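Numbered from 1 within each chain, the chains take letters A, B, ... in sequence-line order. Since the structure is predicted, the reported quantities are computational estimates derived from the model, not experimental observations.
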Protein chains: 2
Amino acid sequence: MSARTRYLAAALDLMAADGFNGTSMRDIARAAETSLSNLYNHFASKSDVLVALLRDANDDLLRRIRAELDTAGPSATERMAAAVRAYVTFSGECQTAAVLSLSEFRYLRGEGREAVVQARDTTESIFRGVIADGVGTGEFRTPYPDGATRAIVSICAAVPTWYRPDGPLSLSELADVHVRYVLAMLEAATVTAQQPASTAMPA
Amino acid sequence: MSARTRYLAAALDLMAADGFNGTSMRDIARAAETSLSNLYNHFASKSDVLVALLRDANDDLLRRIRAELDTAGPSATERMAAAVRAYVTFSGECQTAAVLSLSEFRYLRGEGREAVVQARDTTESIFRGVIADGVGTGEFRTPYPDGATRAIVSICAAVPTWYRPDGPLSLSELADVHVRYVLAMLEAATVTAQQPASTAMPA
DNA sequence: CCTACCGATCGGTAGG
DNA sequence: CCTACCGATCGGTAGG
């Protein structure tokens with residue numbers, strides 16, 4: 001494990017718990033069992049630490065979505081299901097990073113912010129493209145396809161804020177449930193023919 | 001305008017922009033054109049300021065939802081539409097307070113946190129109750145009603161993070177769009193019979 | 001005896 | 001990779 005990885009792992013836990021402004025560079029150095037000066041040898045500023053964390057998280061999410069899409073069927077319905085599965089799975093498996101992405105992005109400024117904005121746009125454009133495809137083929141019948149991307153991403157991005165690994169549903173079941181919600185929201189033609197993934201749900 | 005109201009208005013803008021830990025009591029006092037000591041005469045701590053802000057915001061949201069429900073029709077479909085309309089309207093009209101509620105809640109501890117948690121549970125339980133009613137009457141046919149509350153609240157709560165008053169849709173149109181998303185997600189029996197509220201949507 | 005409020009300063013810590 | 005620091009500012013409180 002490289003020094004950089006250790007710093008980022010420590011910073012991830014601390015910032016997810018106490019926020020960007022609630023975490024000091026001394027806190028991070030201490031958690032990584034190094035000195036403050038050494039931390040500054042790897043990151044020019046506290047903002048740079050956050051940029052690295054959010055970029056890594058977004059890269060991971062994007063990689064997962066693309067991997068799922070590579071093995072998905074050709075229809076927009078199948079591709080949307082794959083993308084939602086990937087997002088929900090990421091939200092559960094990388095919960096801390098997903099929470100951080102959601103809550104601490106606002107503290108970024110300048111070019112670091114622009115880089116993360118661009119990475120987010122890439123993710124959103126994948127959903128937007130699949131929605132447009134599905135509307136074109138008639139698979140999705142929602143009269144409001146343009147606003148659906150935000151609604152879908154909002155649902156997926158909120159999962160890490162309440163998900164608990166010891167909950168009543170496995171992450172795979174949770175992904176299935178969210179696929180159903182999303183396809184129903186898009187008024188997918190196939191949604192009523194789907195089989196429920198599970199009959200048990202959290203209260 | 002009472003002194004307390006002036007402090008809270010200043011704190012709301014500052015904390016929504018820079019976060020709880022990024023806003024100092026001196027910043028708040030300066031923005032409210034008073035002294036730090038006077039601020040401490042009204043709030044025992046910075047946390048107490050945040051508690052007051054989040055409680056006020058939640059009270060406002062709850063009041064709006066209840067007011068809409070009072071004039072709504074009796075069906076679960078109409079009541080869900082009313083609740084979503086109220087939430088989206090609040091998100092747009094009280095955007096700063098809504099953003100704060102979403103992002104800064106995590107910095108609360110102790111009994112102040114518990115009070116806000118309880119207020120949130122009250123709001124969520126309204127949605128949960130309407131969903132249960134609709135499932136009971138057969139209006140909502142989703143196989144996963146128990147997870148739908150979180151998905152619905154997540155969509156509504158995310159609106160203030162991207163909404164712009166100068167966007168292509170009026171707040172009323174935006175509310176209509178979200179009502180359609182939510183009812184579709186619940187697989188409402190009436191959803192395909194609905195009329196689109198608008199043909200224009202943001203990109 | 002209370003409130004509302006002041007200028008000044010407390011012990012510690014922030015990012016760098 | 002460390003000790004030793006900086007200008008400033010932190011949340012909170014002093015006496016009056």
Side-chain angles (χ1 to χ4, degrees), chain A residues 1-55 100 103-116, chain B residues 1-56 100 103-113 115-116:
Chain A
M1 195 184 201
S2 75
R4 182 188 157 91
T5 308
R6 250 189 307 113
Y7 298 138
L8 289 180
L12 175 60
D13 287 340
L14 289 167
M15 288 190 179
D18 303 322
F20 176 72
N21 281 318
T23 301
S24 71
M25 288 294 264
R26 284 169 174 79
D27 292 335
I28 298 168
R30 197 180 310 117
E33 294 183 306
T34 185
S35 70
L36 180 64
S37 324
N38 192 23
L39 177 54
Y40 273 104
N41 279 335
H42 290 82
F43 298 95
S45 68
K46 193 166 74 159
S47 290
D48 280 11
V49 176
L50 181 58
V51 169
L53 287 171
L54 295 197
R55 191 149 43 190
L100 199 81
S103 61
E104 305 307 303
F105 165 71
R106 53 195 295 241
Y107 297 114
L108 286 185
R109 305 288 169 217
E111 59 182 82
R113 182 187 182 94
E114 290 313 306
V116 175
Chain B
M1 195 183 200
S2 75
R4 181 189 158 90
T5 307
R6 252 189 307 113
Y7 298 138
L8 289 180
L12 175 59
D13 287 340
L14 289 168
M15 288 189 179
D18 303 321
F20 176 72
N21 281 319
T23 302
S24 72
M25 290 293 265
R26 283 166 175 82
D27 292 335
I28 298 169
R30 198 180 308 119
E33 294 182 306
T34 185
S35 70
L36 179 66
S37 320
N38 192 23
L39 176 54
Y40 274 104
N41 278 336
H42 289 81
F43 299 94
S45 68
K46 194 165 73 159
S47 289
D48 280 11
V49 176
L50 181 59
V51 169
L53 286 171
L54 295 196
R55 190 149 43 190
D56 286 358
L100 200 81
S103 60
E104 305 307 303
F105 164 70
R106 53 196 293 240
Y107 297 113
L108 287 185
R109 307 284 168 219
E111 60 182 83
R113 182 185 182 94
V116 176

With rounding to the closest Å, how many angstrom separate the P atoms on C:dG16 and D:dA4?
22 Å
Can you tell me how far P in C:dG12 sits from the matching atom in D:dA8, rounded to whole Å?
23 Å
Can you tell me if A:Thr34 touches the phosphate of D:dC2, counting only side-chain N or O atoms and a distance under 4.0 Å to OP1 or OP2?
yes
What's the separation between atom CZ in B:Phe105 and atom CG in B:Leu100, rounded to the nearest 0.5 Å?
12.0 Å
With Watson-Crick and G-U wobble geometry limited to distances under 3.5 Å, how should the secondary structure of DNA chain D be encoded in dot-bracket form, using | for bases paired to another strand and [ ] for crossing pairs?
....||.|.||.|.|.
If every non-hydrogen atom of A:Ala31 is compared with every non-hydrogen atom of A:Leu14, which pair is closest and at what distance?
CB-CD1, 3.9 Å
Using atom CG of B:Leu39 as one end and atom P of C:dA4 as the other, report the distance to the nearest whole Å.
14 Å
With a 4.0 Å cut-off on N to O distance, would you call A:Arg55 and A:Glu111 a salt bridge?
no
Check DNA chain C against residues 16-27 of chain A and give the residues with a non-hydrogen atom under 4.0 Å, in numerical order.
A:Thr23, A:Ser24, A:Met25, A:Arg26
How long is the line joining CD of B:Glu33 and P of C:dC6, in whole Å?
11 Å
Near DNA chain D, counting only heavy atoms under 4.0 Å, which residues of residues 40-52 of chain B show up?
B:Tyr40, B:Ser45, B:Lys46
Sorted by chain and residue number, the side-chain hydrogen bond (donor to acceptor under 3.5 Å, both in side chains) partners of A:Asn38 (sequence neighbours excluded) come out as A:Tyr7, A:Thr34
B:Arg6 CZ to C:dC5 C1', in whole Å, measures 12 Å
Nearest 0.5 Å, what's the CZ-OG distance between B:Phe20 and B:Ser103?
12.0 Å
Restricting to non-hydrogen atoms, name the atom on B:His42 and the atom on B:Ala3 that form the minimum distance, rounded to 0.1 Å.
NE2-CB, 4.0 Å
Calculate, to the nearest 0.5 Å, the distance between atoms CG and CZ belonging to A:Leu39 and A:Arg6 respectively.
10.5 Å
So, is A:Ser35 close to the D:dC2 phosphate, meaning a side-chain N or O under 4.0 Å from OP1 or OP2?
yes
Can you measure from CG (B:Leu36) to CD1 (B:Ile28) and round to the nearest 0.5 angstrom?
9.5 Å
Residue pairs fulfilling side chain to side chain donor-acceptor pair (under 3.5 Å) with at least one residue in residues 13-24 of chain B, sequence neighbours excluded
B:Ser24-B:Asp27
Which value, rounded to the nearest 0.5 Å, describes the distance between A:Phe43 atom CZ and A:Leu53 atom CG?
7.5 Å
Within residues 106-115 of chain A, the residues having a heavy atom closer than 4.0 Å to DNA chain D are none
Ion pair check, B:Glu104 and A:Arg106, cut-off under 4.0 Å
yes
Find the distance between CE (A:Met25) and OG (A:Ser35) and round it off to the nearest 0.5 Å.
11.0 Å
What are the two closest heavy atoms between B:Leu108 and B:Ser47, and how far apart are they?
CD2-O, 4.0 Å
